Amino acid sequence: MPKSSDSKQTKSFFACDNLPSGVRTGTLALSDVKVSTPTFMPVATRGTAKGLTVEQVRSTGAKILLGNTYHLYLSPGPELVAKAGGLANFSHWQGPTLTDSGGFQVFSLANMRKITEEGVEFANPDNGDKIKLTPETAMQIQHDLGANIIMAFDDVVSLDPKHRHRTEEAVERTHRWLERCVAEHKKLSKGKANPPKLFGIAQGGLDKRLRQKSLEFIQSQPVDGVAIGGLSVGEARADMHEMLEFMAPLYDSQRPHYLMGVGHPTDMRFAIEHGIDMFDCVLPTRNGRHGTIWLEGDVQVNLKKATFASDLNRLDDSCDCYTCESGYSRAYLHHLIKVGESTGGTLLSIHNLRYLQRICESYQ
RNA sequence: GCAGGGUUAGUGAAGCGGUCAAACACGGCAGACUGUAAAUCUGCUGGCUUAUGCCUUCGUAGGUUCGAAUCCUACACCCUGCA
């Protein structure tokens with residue numbers, strides 16, 4: 001692959017080559033670990049990639065693990081995680097971590113939260129308890145959780161036409177909240193030898209004008225990375241791709257570009273070819289638990305289907321994941337999923353995570 | 001042997017004269033899932049065929065009734081008491 005760039009910054013947090021194809025290959029320096037990009041970051045909302053040990057996650061080639069502010073705040077609480085030495089230690093991951101701010105829960109828990117200018121008040125789905133997240137508390141919690149990368153607290157809006165009127169308001173609020181995040185983050189970082197990197201999140205739904213405005217604002221701020229939020233929330237694939245294409249020339253090339261919540265192979269390839277460096281998504285682990293996998297060529301297969309009941313072939317001959325290399329048969333995995341043995345979900349999650357990581361590696 | 005109770009679709013189990021092809025659960029067959037309230041959710045699940053249609057089903061065989069899974073009789077099998 002030809003290298004055409006310019007923007008190599010060896011000692012900084014992020015260094016990358018912008019290739020003429022639109023693809024970028026880079027390196028994130030997170031504490032002692034160098035992470036090659038593009039990279040896929042498995043989601044460990046409550047401190048674990050569901051069903052997997054950290055060793056299993058690591059075996060897929062993942063370098064950064066995601067946690068969630070809202071969920072870890074509810075349990076076990078940031079104090080305990082801090083006391084345990086941060087999420088990386090507490091979870092035994094012992095590697096780079098990123099925490100999402102809880103902004104996504106503004107969207108996913110839409111029917112049990114109230115937004116005000118100050119922040120968002122959630123009702124805990126388990127017991128109805130009120131939980132308030134603000135830009136300031138989101139920063140404080142994430143500092144306590146001790147991730148290497150933390151995310152700004154944003155206002156994520158559904159793309160449902162009924163909520164479109166809120167898109168612009170949400171963009172503006174996300175910007176105001178970002179300024180508060182930046183200020184709080186600066187305060188909390190004072191005196192810290194190795195403060196976390198803060199990423200801003202651009203919103204704007206499927207409105208190009210708002211997207212551009214949001215990207216410009218986010219990039220005008222002293223943030224370490226640029227994230228794209230508010231996509232992969234139910235829109236048509238073509239709409240998402242159109243937006244990615246539109247935004248590609250607008251990114252600051254010096255900072256990493258993180259497309260939040262995307263992890264469908266087709267979308268990842270498209271995004272990588274349009275300047276995205278980082279991804280996270282629940283799809284590989286959720287699908288794995290539900291019995292669906294990706295095979296060579298991005299073919300999605302539901303292993304629960306009766307046709308696999310007696311298929312003694314391994315999952316995918318072209319895959320080097322633990323599950324495939326060990327030779328687990330489709331029939332066996334089909335059986336585990338059918339009878340509800342969690343090992344099945346684990347083995348398929350490993351495969352799916354590795355599948356996405358291999359996509360990233362193919363560009364690195 | 002006597003007296004009760006039971007036998008319902010792949011399984012368990014409701015229904016006890018019409019609105020019953022028959023609730024519900026499980027199982028089965030498909031589908032969905034993109035910063036995880038998700039090991040979850042949705043649809044279908046007698047046959048024909050896709051319709052406010054027909055056919056065959058509620059242990060077996062008869063009967064009563066305009067009409068029976070539902071009532072009566074006999075038989076078969078199962079369970080519980082008493083012998």
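Just so you know, these numbers come straight off a predicted model, no measurement behind them.
Of the two residues contacting RNA chain B, namely A/S342 and A/G103, the nearest-nucleotide position lying further toward the 5' end is that of A/G103. Heavy-atom distances to RNA chain B give each of A/A152 and A/G340 a nearest nucleotide, and the one nearer the 5′ end belongs to A/A152.
Here the side chain of A/L283 is nearest to one of B/A37, B/G35, B/U34, namely B/U34. Distances from the side chain of A/N111 to the nucleotides B/A37, B/G35, B/A30 place B/A37 closest. Side-chain atoms of A/R289 lie closest to B/A38 of the nucleotides B/A38, B/G35, B/U34. For A/M112, the listed nucleotide lying nearest its side chain is B/A37; candidates were B/A37, B/A30, B/U34. Counting only heavy atoms from C-beta on, A/Q105 has its side chain closest to B/A37 among B/G35, B/A37, B/G31. Nearest to the side chain of A/N287, among B/A39, B/U34, B/C33, sits B/C33. Nearest nucleotide to the side chain of A/T45, out of B/U34, B/G35, B/U36: B/U36. Listed nucleotides: B/G31, B/A39, B/G35. Nearest to the side chain of A/H290: B/A39. Out of B/U40, B/C33, B/A37, the shortest distance to the side chain of A/K304 is found at B/U40. Of the candidates B/U34, B/G35, B/C29, the closest approach to any side-chain atom of A/V43 belongs to B/G35.
Nucleic acid contact class of A/G344 (heavy atoms, under 4.0 Å, all strands): none. Nucleic acid contact class of A/R237 (heavy atoms, under 4.0 Å, all strands): base.
Distance check on atom C1': B/C82 versus B/A9 gives 37 Å, rounded to whole Å. When the P atom is compared between B/U45 and B/C24, the two are found 11 Å apart, to the nearest whole Å. Atom name P, nucleotides B/G15 and B/U7: the rounded distance is 10 Å, in whole Å. Atom name C1', nucleotides B/U49 and B/A21: the rounded distance is 15 Å, in whole Å. Nucleotides B/G28 and B/U52 place their P atoms 31 Å apart, quoted to the nearest Å. B/G6 sits 15 Å from B/U70 when the C1' atoms are compared, rounded to a whole Å. If you take atom P in B/U34 and the same atom in B/G10, they sit 37 Å apart, rounded to whole Å. Between B/A23 and B/A14, the two C1' atoms lie 6 Å apart (nearest whole Å).
An OP1 or OP2 oxygen of B/G31 is reached within less than 4.0 angstrom by a side-chain nitrogen or oxygen of A/K305. Contact between the side-chain N/O atoms of A/K50 and the OP1/OP2 oxygens of B/A37 is not found at any separation under 4.0 Å. For the OP1/OP2 pair of B/U34 and a distance below 4.0 Å, the side-chain nitrogens and oxygens of A/R286 include at least one atom meeting the criterion.
Using a distance-only test at 3.5 Å, with no hydrogens or angles considered, a donor-acceptor pair links the side chain of A/E235 to the main chain of A/V233.
No side-chain N or O of A/H351 forms a donor-acceptor pair with one of A/D316 less than 3.5 Å apart.
The cationic atom of A/R358 (NZ for Lys, CZ for Arg) does not lie both less than 6.0 Å from the six-membered ring centre of A/W294 and within 45° of the ring axis.
Rounding to the nearest 0.5 angstrom, the gap separating the CG atom in A/L283 from the NE2 atom in A/H290 is 10.5 Å.
Within 3.5 Å, no donor on the side chain of A/D280 pairs with an acceptor on the base of B/G35, nor the reverse. Under 3.5 Å, the side chain of A/N68 and the base of B/G35 form no donor-acceptor pair of N or O atoms.
When all heavy atoms of A/M151 and A/M139 are compared, the pair lying nearest together is O-CE, 3.3 Å.
Nucleotide B/C48: paired with B/G53 (Watson-Crick or G-U wobble, both distances less than 3.5 Å).
Ring planes of A/H274 and A/F270: parallel class, angle under 30° (limits at 30 and 60°).
Aromatic pair A/F279/A/Y258: centroids not less than 6.0 angstrom apart.
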